[in-house]
Amino acid sequence: MADVNIRNEIKAEIAKSGWTLTDIVKEMNLLHPEETTTSQNISNKLTRGTLKYSEALEIAAIIGKRISWVPANAEE
């Protein structure tokens, strides 16, 4: 069920940032006019757990966030 947690985490970060998925997709399409996508497509990928890591990085950059790798034994 890790996919569900990832989906919820990404959706929560989008909501906290004040962006909507629709706005993010518009920005993604501006950045990549040769490979346009839809809100439904990204939503389905989140639900199925098939969002590419590069897409997650791009979403994070659009909302002003950064994904970082932290050692598992690091205290939070």
Side-chain angles (χ1 to χ4, degrees):
M1 278 293 136
D3 292 341
V4 173
N5 293 334
I6 292 168
R7 182 184 127 250
N8 291 341
E9 185 175 330
I10 291 172
K11 290 184 95 165
E13 289 299 325
I14 290 170
K16 285 194 294 188
S17 71
W19 284 76
T20 65
L21 190 56
T22 301
D23 291 334
I24 289 170
V25 168
K26 285 179 186 175
E27 189 69 23
M28 291 172 81
N29 288 338
L30 286 174
L31 294 169
H32 307 286
E34 70 286 350
E35 295 180 31
T36 60
T37 190
T38 65
S39 298
Q40 187 65 47
N41 184 40
I42 298 298
S43 182
N44 288 343
K45 286 181 178 187
L46 286 168
T47 299
R48 289 190 308 260
T50 58
L51 188 75
K52 293 178 187 175
Y53 185 61
S54 60
E55 292 169 323
L57 290 172
E58 186 170 3
I59 289 169
I62 289 169
I63 65 173
K65 300 282 183 162
R66 181 176 53 208
I67 297 172
S68 64
W69 292 70
V70 179
N73 60 353
E75 293 185 28
E76 293 186 23

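Numbering of residues begins at 1 and proceeds along the displayed sequence.
- Looking at W19 and I59, their side chains never come closer than 4.5 Å, going by heavy atoms from C-beta outward.
- With rounding to the nearest 0.5 Å, the separation of CD1 in I24 from OG1 in T37 is 12.0 Å.
- Residues S39 and T22 approach most closely at OG-CA, 3.3 Å, considering heavy atoms.
- If you take CG on N41 and CG on L46, they are separated by 10.0 Å, rounding to the nearest 0.5 Å.
- Sorted by first and then second residue, the salt bridge (charged side-chain N to carboxylate O under 4.0 Å, His left out) pairs involving residues 18-42 (not counting sequence neighbours) form an empty list.
- Here OG1 of T38 is found 7.5 Å from CG of N44. Values are rounded to the nearest 0.5 Å.
- Rounded to the nearest 0.5 angstrom, S43 OG and K11 NZ are separated by 5.0 Å.
- Rounding to the nearest 0.5 Å gives a distance of 11.0 Å between CD1 of I10 and CG of N5.
- In this structure, the separation between CG on L57 and CD1 on I67 is 4.5 Å, given to the nearest 0.5 Å.
- Listed by first and then second residue, the salt bridge (charged side-chain N to carboxylate O under 4.0 Å, His left out) pairs that reach into residues 51-63 are K45-E55, sequence neighbours excluded.
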